[in-house]
Engineer: 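Questions regarding the structure given below will be posed in turn.
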2 protein chains.
Amino acid sequence: MADRLPPLTALRAFDAAARHMSFAAAAAELNVTPAALSFQIKSLEEHLGQPLFRRLTRAVELTEAGRALAPGTADGFAALARAWRAARRVGDTTSLTVTAGPAFTAKWLAPRLFGFARAHPEVQLRLAAGLSIMDFDRDEVDVALRFGYSTGDAQDLYETCLIREWMTPMATPELAAQIGSPADLAGMTLLHQDDTQFLDPPGNWAAWFRAAGMAAPEEAGPRFSQADHALDAALGGAGVVLGRISLAQDDIRAGRLVMPFDLSLTTEAHYRFICPKGAETRPHIAAFEAWLHSELEQITDLDTGRCFVAAADIAP
Amino acid sequence: MADRLPPLTALRAFDAAARHMSFAAAAAELNVTPAALSFQIKSLEEHLGQPLFRRLTRAVELTEAGRALAPGTADGFAALARAWRAARRVGDTTSLTVTAGPAFTAKWLAPRLFGFARAHPEVQLRLAAGLSIMDFDRDEVDVALRFGYSTGDAQDLYETCLIREWMTPMATPELAAQIGSPADLAGMTLLHQDDTQFLDPPGNWAAWFRAAGMAAPEEAGPRFSQADHALDAALGGAGVVLGRISLAQDDIRAGRLVMPFDLSLTTEAHYRFICPKGAETRPHIAAFEAWLHSELEQITDLDTGRCFVAAADIAP
DNA sequence: GGCCATGGTCAAGAATTTCTTATCTGTGCC
DNA sequence: GGCACAGATAAGAAATTCTTGACCATGGCC
């Protein structure tokens with residue numbers, strides 16, 4: 001019984017007092033009179049059996065017991081507040097926070113967001129670019145768009161596949177004019193990106209050259225940690241990139257980049273739409289998913305006439 | 001203001017209900033009637049604006065909002081409970097939890113604990129061997145004994161130096177009989193330990209040989225992650241260990257190990273007594289610290305007649 | 001089919017907690 | 001000395017939380 005928690009209101013009063021190091025300020029924060037706060041602290045100290053604050057003449061300071069208690073209450077109430085915000089978000093159909101990788105955000109999502117905003121003016125969309133965010137409650141995110149393999153072991157997640165990705169060499173029209181056969185690439189600057197490197201099998205130049213039936217030239221040329229930077233470099237004429245179609249779509253259609261070969265590398269990795277199970281039925285999330293699917297469908301035009309080789313089939 | 005926390009009693013009721021997935025069981029845990037619990041949940045749902053549980057015929061299940069809230073409340077209340085236990089511990093003068101490294105626990109602390117228990121029968125001592133434990137509140141530890149450098153930047157810690165450590169070759173009397181000069185060691189099995197390796201400069205065989213004015217023989221021989229295991233191996237006649245005097249004290253006095261050379265390596269690293277600032281005045285902690293100091297004083301006998309070289313002075 | 005046990009809900013009044021008002025104390029500062 | 005400040009105390013008021021003693025729906029059992 002001695003381990004059971006003391007009255008929570010008293011704990012909260014202590015937390016506020018410890019944060020402000022002032023009973024008066026804490027009382028103001030909690031919208032109560034200083035007298036009430038003083039009473040709460042006193043009752044908590046009685047529960048504990050020893051004082052938590054040392055009352056100095058016009059300030060208070062924590063006793064050792066108070067110092068032991070304060071960080072934990074701060075953590076505890078912060079966790080409760082975060083949880084409560086997460087629960088409130090569930091009922092909120094006016095704002096929608098989406099996290100996606102930086103490359104996809106820059107090259108695909110951001111340019112199209114205006115379309116979604118026009119179709120759904122009632123929804124306030126917020127983007128959080130980054131790869132690491134994955135705790136929906138903690139990070140206050142509603143939807144995650146991720147490139148990779150479906151783990152399948154996430155029980156409480158709703159997950160759908162958005163598009164099948166494929167990769168092929170891409171370059172500016174001027175540069176592409178000098179390319180006749182895959183062998184020509186050996187003499188050119190190849191741009192590498194790290195973020196398809198982690199795939200197994202990796203979707204990199206070596207894999208593409210194997211698919212083309214030739215040995216890969218020595219690994220050289222600049223490396224980029226983000227695919228969009230590699231693509232931007234190619235747009236500037238810096239070299240040939242093994243581009244991801246999802247990211248390059250707009251540049252291809254606009255003629256800023258061309259694909260000199262039909263040969264395209266496919267991979268088991270997909271773009272996936274992920275949200276907490278049950279969230280997919282909330283109207284604004286359902287609307288966003290539907291919009292994504294309809295927008296991404298257009299990408300399949302570019303599939304026609306291409307020759308696909310799966311990275312898994314040509315693994316060394 | 002919508003972000004402000006709802007009534008905490010209601011949150012706690014929800015937490016219990018979510019953990020048990022049963023209102024009746026939650027009510028029993030909190031020592032209230034099911035009606036009271038039902039009322040609390042309902043009031044929480046009103047605060048949130050949507051239901052947290054779906055009431056099935058003879059069970060309840062969480063809604064999406066409930067699933068978003070539940071893990072956070074569990075974390076939050078666990079943090080509060082931990083903090084409260086930590087605060088209670090401060091007023092408790094009957095039990096004392098000490099953490100020390102595994103080697104020091106095995107070779108020095110544990111054999112002497114009986115003496116402390118006899119001198120202070122009112123204190124219940126608990127040992128927690130391990131190197132990683134350092135959060136006094138989180139891990140519910142009162143005192144830590146650590147070997148290493150004083151960081152000095154820990155504002156809210158009380159820290160005193162227990163002993164100056166030194167190292168010298170040690171072996172069984174039989175094995176030591178074959179050792180005349182440092183050069184003889186080259187042909188023998190040297191036992192290595194990893195836990196003085198991290199020191200800077202490291203307190204290892206290479207350093208001792210440098211101090212002895214000769215090149216270290218090739219790094220060979222068994223390695224131990226814990227110093228007490230290396231010492232135990234030496235006691236079994238497996239080889240020569242560069243032993244730490246604090247750990248070997250008893251074996252040296254008993255004649256189970258001998259030190260064939262006067263040459264001893266000292267280091268800037270110390271054994272330190274560490275506790276939260278202010279805790280050092282609590283009677284049972286003060287008693288323990290005093291006892292440690294008086295016990296460790298005896299070790300200085302072994303200093304007489306030895307030749308000390310600081311590891312820092314002979315760094316390569 | 002009827003009955004009972006189970007698990008949750010509701011409403012009213014009781015009990016307890018929590019808050020306010022008003023007054024008081026000690027200390028530093030002008 | 002007197003004032004302002006920061007907190008403490010006491011008594012009564014307000015709010016909350018709880019219990020009692022109903023009720024309801026459902027599934028299993030005889």
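Since this is a predicted model, take the numbers as computed values, not measurements. Here is how names work: the chains are called A, B, and so on, in the same order as the sequence lines, proteins then strands, and each is numbered from 1.
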Engineer: Give the rounded distance in Å between these two atoms: CD1 of B:Ile41 and C1' of D:dT16.
Structural biologist: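 After rounding, the gap between these two atoms is 16 Å.
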
Engineer: Do B:His120 and B:His284 come within less than 4.5 Å of each other through their side chains, counting heavy atoms only?
Structural biologist: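 Contact flag for B:His120/B:His284 side chains = no.
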
Engineer: What is the separation between atom CZ on A:Arg54 and atom C1' on C:dT27, rounded to the nearest whole Å?
Structural biologist: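 For the pair A:Arg54 CZ and C:dT27 C1', the rounded distance is 18 Å.
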
Engineer: Do A:Trp84 and B:Leu44 make a side-chain contact, defined as non-hydrogen atoms from C-beta onward lying under 4.5 Å apart?
Structural biologist: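 A side-chain contact exists here, since the closest heavy-atom pair is under 4.5 Å.
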
Engineer: Respond yes when some side-chain nitrogen or oxygen of A:Lys42 is under 4.0 Å from OP1 or OP2 of D:dT9, and no when none is.
Structural biologist: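 Yes, such a contact exists.
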
Engineer: Output one line per pair: protein atom, nucleotide atom from nucleotides 24-26 of chain D, and distance, for all N/O pairs under 3.5 Å.
Structural biologist:
{"from": "D:dT26", "atom 1": "O3'", "to": "B:Thr57", "atom 2": "OG1", "distance (Å)": "3.2"}

Engineer: Just say parallel, tilted or perpendicular for the rings of A:Phe53 and A:Phe14, cut-offs at 30° and 60°.
Structural biologist: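 Answer is tilted, since the angle falls between 30° and 60°.
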
Engineer: Nearest whole Å is fine: how far is D:dT9 P from A:Gln40 CD?
Structural biologist: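 One finds 14 Å between P of D:dT9 and CD of A:Gln40, rounded.
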
Engineer: Would you call the rings of A:Phe273 and A:Phe288 parallel, tilted or perpendicular if under 30° counts as parallel and over 60° as perpendicular?
Structural biologist: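 Rings of A:Phe273 and A:Phe288: tilted, 30 to 60°.
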
Engineer: Within residues 18-27 of chain B, find the residues that approach DNA chain C with a heavy atom at under 4.0 Å, and present them sorted by residue number.
Structural biologist: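 Heavy-atom cutoff 4.0 Å gives B:Ser22, B:Phe23, B:Ala24.
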
Engineer: In this structure, how many angstroms lie between the P atom of C:dA14 and the CZ atom of B:Phe39, rounded?
Structural biologist: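 The distance from CZ of B:Phe39 to P of C:dA14 comes to 17 Å, rounded to the nearest Å.
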
Engineer: Take B:Phe104 and B:Phe147 through the test ring-ring contact (aromatic ring centres under 6.0 Å, His included) and record every step on the way to the result.
Structural biologist: CA-CA 9 Å; B:Phe104 191 70; B:Phe147 183 67; 9.0 Å; no

Engineer: Among B:Arg85, B:Arg88, B:Arg126, which residue meets the salt bridge (Lys or Arg N to Asp or Glu O under 4.0 Å) test with B:Glu140?
Structural biologist: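 Among B:Arg85, B:Arg88, B:Arg126, the one that satisfies the salt bridge (Lys or Arg N to Asp or Glu O under 4.0 Å) with B:Glu140 is B:Arg85.
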
Engineer: Please confirm whether the shortest side-chain N or O distance from B:Arg55 to OP1 or OP2 of C:dG7 is below 4.0 Å.
Structural biologist: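 Answer no for this pair, as no side-chain N or O of B:Arg55 is under 4.0 Å from OP1 or OP2.
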
Engineer: Would a 4.5 Å heavy-atom cut-off, applied to side chains only, mark B:Thr63 and B:Gln50 as touching?
Structural biologist: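 No - every pair of side-chain heavy atoms lies 4.5 Å or more apart.
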
Engineer: Assess whether atom CZ of A:Arg19 is packed by more than 12 heavy atoms of other residues, nucleotides or ligands within 6.0 Å.
Structural biologist: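 More than 12 heavy atoms, drawn from other residues, nucleotides or ligands, come within 6.0 Å of this atom.
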
Engineer: Rounded to whole Å, please give me the gap between CZ in B:Arg12 and P in D:dT17.
Structural biologist: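 Value for this atom pair: 10 Å.
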
Engineer: Are the side chain of B:Arg67 and the backbone of A:Lys277 linked by a donor-acceptor contact shorter than 3.5 Å?
Structural biologist: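 Here the side-chain-to-backbone pair exists.
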
Engineer: All N/O contacts under 3.5 Å from nucleotides 20-23 of chain C to the protein, with atom names and distances to one decimal?
Structural biologist:
{"from": "C:dT20", "atom 1": "OP2", "to": "A:Thr33", "atom 2": "N", "distance (Å)": "2.7"}
{"from": "C:dT20", "atom 1": "OP2", "to": "A:Thr33", "atom 2": "OG1", "distance (Å)": "3.0"}

Engineer: What residue among B:Glu64, B:Lys42, B:Glu45 forms side-chain contact (heavy atoms from CB on, under 4.5 Å) with B:Pro51?
Structural biologist: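 Answer to the side-chain contact (heavy atoms from CB on, under 4.5 Å) test with B:Pro51 among B:Glu64, B:Lys42, B:Glu45: B:Glu45.
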
Engineer: Measure the distance from CD on B:Glu45 to C1' on C:dC10 and round it to the nearest whole Å.
Structural biologist: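 One finds 15 Å between C1' of C:dC10 and CD of B:Glu45, rounded.
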
Engineer: How close or far is atom P of D:dG7 from atom CG of A:Leu56, stated in whole angstroms?
Structural biologist: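 Whole-Å distance recorded here is 10 Å.
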
Engineer: At under 4.0 Å between heavy atoms, what does B:Thr9 touch on the DNA or RNA strands: base, sugar-phosphate, or nothing?
Structural biologist: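 Sugar-phosphate contact only - B:Thr9 comes under 4.0 Å of backbone atoms but never of a base.
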
Engineer: Mind checking whether B:Leu80 and A:Leu80 have side chains closer than 4.5 Å, heavy atoms only?
Structural biologist: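 Side chain of B:Leu80 against side chain of A:Leu80, heavy atoms only: contact under 4.5 Å found.
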
Engineer: Using a distance-only test with no angle check, is there a side-chain donor-acceptor pair under 3.5 angstrom linking B:Thr160 and B:Glu289?
Structural biologist: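 There is such a pair between these side chains.
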
Engineer: Would you indicate, yes or no, if D:dA8 has its OP1 or OP2 atom less than 4.0 angstrom from a side-chain nitrogen or oxygen of A:Ser38?
Structural biologist: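 So the side chain of A:Ser38 is within the cut-off, an N or O lying under 4.0 Å from OP1 or OP2 of D:dA8.
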
Engineer: How long is the line joining CG of B:Leu11 and C1' of D:dT16, in whole Å?
Structural biologist: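 My rounded result for the distance is 15 Å.
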
